[in-house]
Each structure stands twice: as structure tokens, then as C-alpha cells.
Amino acid sequence: SLEWFYAIYEIAIATAERFERNVQKRLVALQNQFLKLLFEKTCDSLFEKDKLMFSLLLCFKSMEVDGDVNQEEKKLLLLACGGTGNPDLAKPTGAETEWLTDVSWQRVCELEKLGRGPW
């Protein structure tokens, strides 16, 4: 309800770290405190099995607001890298890569298509 949400916001304002003459740091502290309280208060009413899903959704939404999430990487994560990989890249062979399954290699190749990261 709106009252519940408003109460969390008021608690966040009262308990967030205060900075003299630095509005930007204060806003970051308010945002962090609000997210922490929102997570804690919401998790109080969730079943244990649902808390991980809620934390993932809250994290994604926070990253979207901050502009930190790459939509293509998010899509690959949520769809379990459902692509076909890159047929031009041969799967490494040898004893040190026995653990790497064909499906895992396809997922690495899908990430490589994005052109980001260490792969």
C-alpha cells in the first residue's frame, strides 16, 4: 500500500547517513538506505524460495535506473543463452577443458558475439 511505501521512505530519510554540504552524497545514501529497507521489509513477508527472485528483480530494476545494465547480457542471462553459439569458433580440446560441455561452449560463444568482456 502507499502508506507502507511512504513509511519505508520516511525511515530511510531518518536513518540514512548525513553529509554536510554534499547533496550528491546524501542522495546516494538515501537511495542505498531506501533500497536496503525495501528489500528487508519486503523479504519479511516472502517465502524463502521467493527471496532470491525478488532480489534479482530489485537488482535489475536498480541497474536499469542507474543505466548500468546491458540489455543484451541481461537477455542472455534470463534466456539461458538460448542461441546457437558461433560455429566458426572451435571448442578447445585437451585434458584441461574436459569440464567444458558443448552447451557451455555455445554460451561462451554467444557472449563473444556481444563483443564485451574477457572472452
> Are Ile11 and Trp4 linked, directly or through other ILVMFWY residues, by side chains that come within less than 4.5 angstrom of each other?
Replying inline: yes
> Any sub-3.5 Å donor-acceptor pair from Asp66's side-chain atoms to Asp68's backbone N or O?
Replying inline: no
Show me the donor-acceptor pairs, under 3.5 Å and distance only, between side chains in residues 46-55 and residues at least two apart or in other chains.
| unit_1 | atom_1 | unit_2 | atom_2 | d |
| --- | --- | --- | --- | --- |
| Glu48 | OE1 | Lys51 | NZ | 3.2 |
| Ser55 | OG | Lys51 | O | 3.4 |
| Ser55 | OG | Leu52 | O | 2.7 |

> Checking side chain to side chain contact (heavy atoms under 4.5 Å, CB included) for the pair Glu64/Lys74: CA distance, chi angles, key distance, verdict?
Replying inline: CA-CA 11 Å; Glu64 285 175 12; Lys74 178 182 166 186; 2.4 Å; yes
> What distance do Met63 atom CE and Leu58 atom CG have between them, rounded to the nearest 0.5 Å?
Replying inline: 12.0 Å
Considering only distance and modelled atom types, tabulate donor-acceptor pairs under 3.5 Å from the side chains of residues 29-43, sequence neighbours left out.
| unit_1 | atom_1 | unit_2 | atom_2 | d |
| --- | --- | --- | --- | --- |
| Asn32 | ND2 | Val28 | O | 3.3 |
| Gln33 | NE2 | Thr15 | OG1 | 2.9 |
| Thr42 | OG1 | Leu38 | O | 2.7 |

> How close do Pro92 and Leu100 get, heavy atom to heavy atom, and via which atoms?
Replying inline: CD-CD2, 4.1 Å
> Within the side chain of Arg26, is there an N or O that forms a donor-acceptor pair under 3.5 Å with the backbone of Arg21?
Replying inline: no
> How long is the span from the CG atom in Leu57 to the NZ atom in Lys61, to the nearest 0.5 Å?
Replying inline: 9.5 Å
> Is the number of heavy atoms from other residues, nucleotides or ligands within 6.0 Å of CD (Glu96) greater than 12?
Replying inline: yes
